Structure formats: structure tokens, C-alpha cells
Enquirer: 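I'd like to ask some things about the structure below.
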Amino acid sequence: VKMSVYKTVFQLGLLLSLGSWSSLTLATGLATCDSGPKTAWQSAEKLEKMLIEKEGWKIRRIKEDGGCYEVYATNKEGDRVNAYYHPVTLLLVPNTLSVRK
Amino acid sequence: MLSNQSPVKVWDLFVRLSHWFLLSVLVLTWYLRGQWHEWLGYLAVAIVSLRVLWGFVGSPYARFSQFVQSPKSTWQYGKQVIVGQEPRHIGHNPLGAWMILALLFNVLALGLTGWLYTTDRFWGVEWMERLHEGLANSLYLLAFVHVCGVLMASWRHRENLLTAMLHGKKRH
């Protein structure tokens, strides 16, 4: 096989590799929120307080993911829960709540 | 250098199937999220576990004892590669062998950290998530270097190692 063929394969491979790698770093989670600039966001602390009071959850961690707040918590029964919330409205993003017994 | 002898059967059916099946599962796991990501991850661990077992009981060229060499002789081989004097191996070459071990170990570590992240002890624990992501990135990097090594060895010895992993045959 000619050297130039390998060069082309290598370059194509490099391009595909970088492309697929960067596509992962853009969005890593289950959901994305069209949440605009952070100045309009409500604080994670407020979300935490709301979930403790309304749901009785114990919050493990709240992080940003895809423009949403992603919550790791345990519910009253001690099950592990994972859910996404919109940072402006603090509403649950539909179909993102999962419970592990 | 080219001989008229008939090609040798090097990679058995299990080696070839597990290689391409594992690659497909890992690519899907990389992109999919949620339940699919988890089950595909466990499937990848199952494939690797079977491949490790096969490395002890499988056909001659599938066995670790056939291709894994000491760090010292692997270093020697590496120096030969740099000056373009490395001997051709019908099975895996010593550097490729260590890459295989690294890839297999990386997939197992990835599966372990992924599972731990779902347990009560590590639920939401940031460093476990970071470790899992770091291992995913290192697997990606290793796979890329693996492909580069395959292409370079193919070029050096004028043989197509990519198709050899499809039909399993190599020249003498």
C-alpha cells in the first residue's frame, strides 16, 4: 500500500477522532435547557431548599449540565434520585427523573 | 520477503468477533446516556472478561503467554521500532501486546467506576464522576494510539493488519 493512502487514512481518522471527542464534551447529560444568560438564573441554593422542603430529599450534589441544574439526591425512602431542573423556572425537566431502589 | 506459502490462520473467530463487538459497544456507550449507557457499559465489561478468559484457554495466538513480553524486551523492541529495525511478528508485537493489556484494563476500570457512581456510597460524588470521565478520555486516547500503531506496523511490514482482524489470516 502506498504511503499517501496511509497519510489520508491517518488524517481522516484524526479528524473523525477529534470530532467525536468534542461532540461528547459539548453535552454530557440526559437533558439540555435553553436557559439563556446566567444573570437570569435562580441560585442552586434556592433549588436545594425547595427540594428539601417540598420533596423531603437529601441533596448529595447539584451541578450544571447542558444549561440545566442536575440534582443527585436521596428521597424519603432512601432511594437514589437523579433529576434535571430548569435554572430560570426551577421546574423539573420532563422525563429526567429517575429513582433507584 | 513475500513468500508463496499459504497464509496462516492467526486470529480465531472469538478474537475477531470480540474485537469488533467491543469496539461497537464502546462507541455506542460513548454516545448514549442513561439506562442504555449503563447496560452497554456492563456488556463491554462482559466482553472484556470473556476475552481475558480466552487469553488463558483460547487458540495459540489469542493467549497472553504467546504475545506478552517482559518490559525489558518490550523496551528493546521499542528502540528497534524507532530506528526501523523491528522484526515482524505473526501474532501481536510486544508494544501492541502492552497496548491490548492497557485497553482491556482501562475498560474494566471504566466499568468499575461507572458502577460505583450508581451505588449509595458514591451517589453524586464528584471525584468518582471525574475519574470515570478521565478513564473514558484515556480509553479514547489509547484507542487512537492503537490505531496509529496498527497503521504504522502495517506500513512497515507491507501487510494489512486491519483486514487481518476481519478474516483472521496473515502471510507467513
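Here is how names work: the chains are called A, B, and so on, in the same order as the sequence lines, proteins then strands, and each is numbered from 1. The shown structure was predicted, so the numbers you read here are calculated from the model rather than taken from an experiment.
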Enquirer: Need one label for Asp79(A): side chain, backbone, both or neither, based on atoms under 4.5 Å from any heavy atom in chain B.
Expert: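 Looking at Asp79(A), nothing touches chain B.
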
Enquirer: Does NZ in Lys9(B) sit with more than 12 non-hydrogen atoms of other residues, nucleotides or ligands closer than 6.0 Å?
Expert: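 Enclosed.
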
Enquirer: Does Met99(B) share a hydrophobic cluster with Val52(B), counting links as ILVMFWY side-chain heavy atoms below 4.5 Å and allowing steps through other members?
Expert: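 Linked, Met99(B) and Val52(B) end up in one cluster.
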
Enquirer: Which heavy atom of Leu16(A) sits nearest a heavy atom of Tyr140(B), and at what distance?
Expert: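 The pair with the smallest heavy-atom distance is O-OH, 4.1 Å.
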
Enquirer: Are Trp36(B) and Val45(B) co-members of a hydrophobic cluster defined by side-chain heavy atoms under 4.5 Å apart?
Expert: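 Cluster IDs for Val45(B) and Trp36(B) match.
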
Enquirer: Select one option (side chain, backbone, both, neither) describing which atoms of Ile62(A) are under 4.5 Å from chain B's heavy atoms.
Expert: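 Neither part.
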
Enquirer: More than 12 foreign heavy atoms under 6.0 Å from CZ of Phe105(B): is that the case here?
Expert: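 Not buried by this count: 12 neighbours or fewer within 6.0 Å.
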
Enquirer: Test side chain to side chain contact (heavy atoms under 4.5 Å, CB included) on Tyr72(A) and Val125(B) and set out the steps.
Expert: CA-CA 9 Å; Tyr72(A) 288 90; Val125(B) 172; over 6 Å; no

Enquirer: Using a cut-off of under 4.5 Å on heavy-atom pairs, state which of Gly78(A), Ala73(A), Ser98(A) scores highest against chain B.
Expert: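 Of the options given, most contacts go to Ala73(A).
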
Enquirer: For atom CH2 of Trp54(B), decide whether the heavy atoms of other residues, nucleotides or ligands shown that lie under 6.0 angstrom number more than 12.
Expert: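 Above 12, so yes.
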
Enquirer: When rounded to the nearest 0.5 angstrom, what is the spacing between NZ in Lys63(A) and CD in Glu126(B)?
Expert: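 Answer rounded to 0.5 Å: 8.0 Å.
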
Enquirer: Listed by chain and number, what are the salt bridge (charged side-chain N to carboxylate O under 4.0 Å, His left out) partners of Arg60(A), not counting sequence neighbours?
Expert: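 Once residues adjacent in sequence are excluded, the partners of Arg60(A) under the salt bridge (charged side-chain N to carboxylate O under 4.0 Å, His left out) criterion are Asp120(B).
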
Enquirer: Work out which heavy atom in Phe144(B) is nearest to a heavy atom in Leu14(A); give both atom names and the distance.
Expert: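 Minimum heavy-atom contact is CZ-CD1, 3.1 Å.
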
Enquirer: Which pairs pass side chain to side chain donor-acceptor pair (under 3.5 Å) with one or both residues in residues 15-25 of chain B, sequence neighbours excluded?
Expert: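 Counting only pairs at least two positions apart or across chains, no side chain to side chain donor-acceptor pair (under 3.5 Å) contact touches residues 15-25 of chain B.
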
Enquirer: Please identify, among Leu32(B), Thr119(B), Val147(B), the residue contributing the most non-hydrogen atom pairs under 4.5 Å to chain A.
Expert: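 Going by pairs under 4.5 Å, I would pick Thr119(B).
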
Enquirer: Which bit of Arg100(A) is near chain B, if near means a heavy-atom gap under 4.5 Å: side chain, backbone, both or neither?
Expert: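 It is the side chain, since no backbone atom gets that close.
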
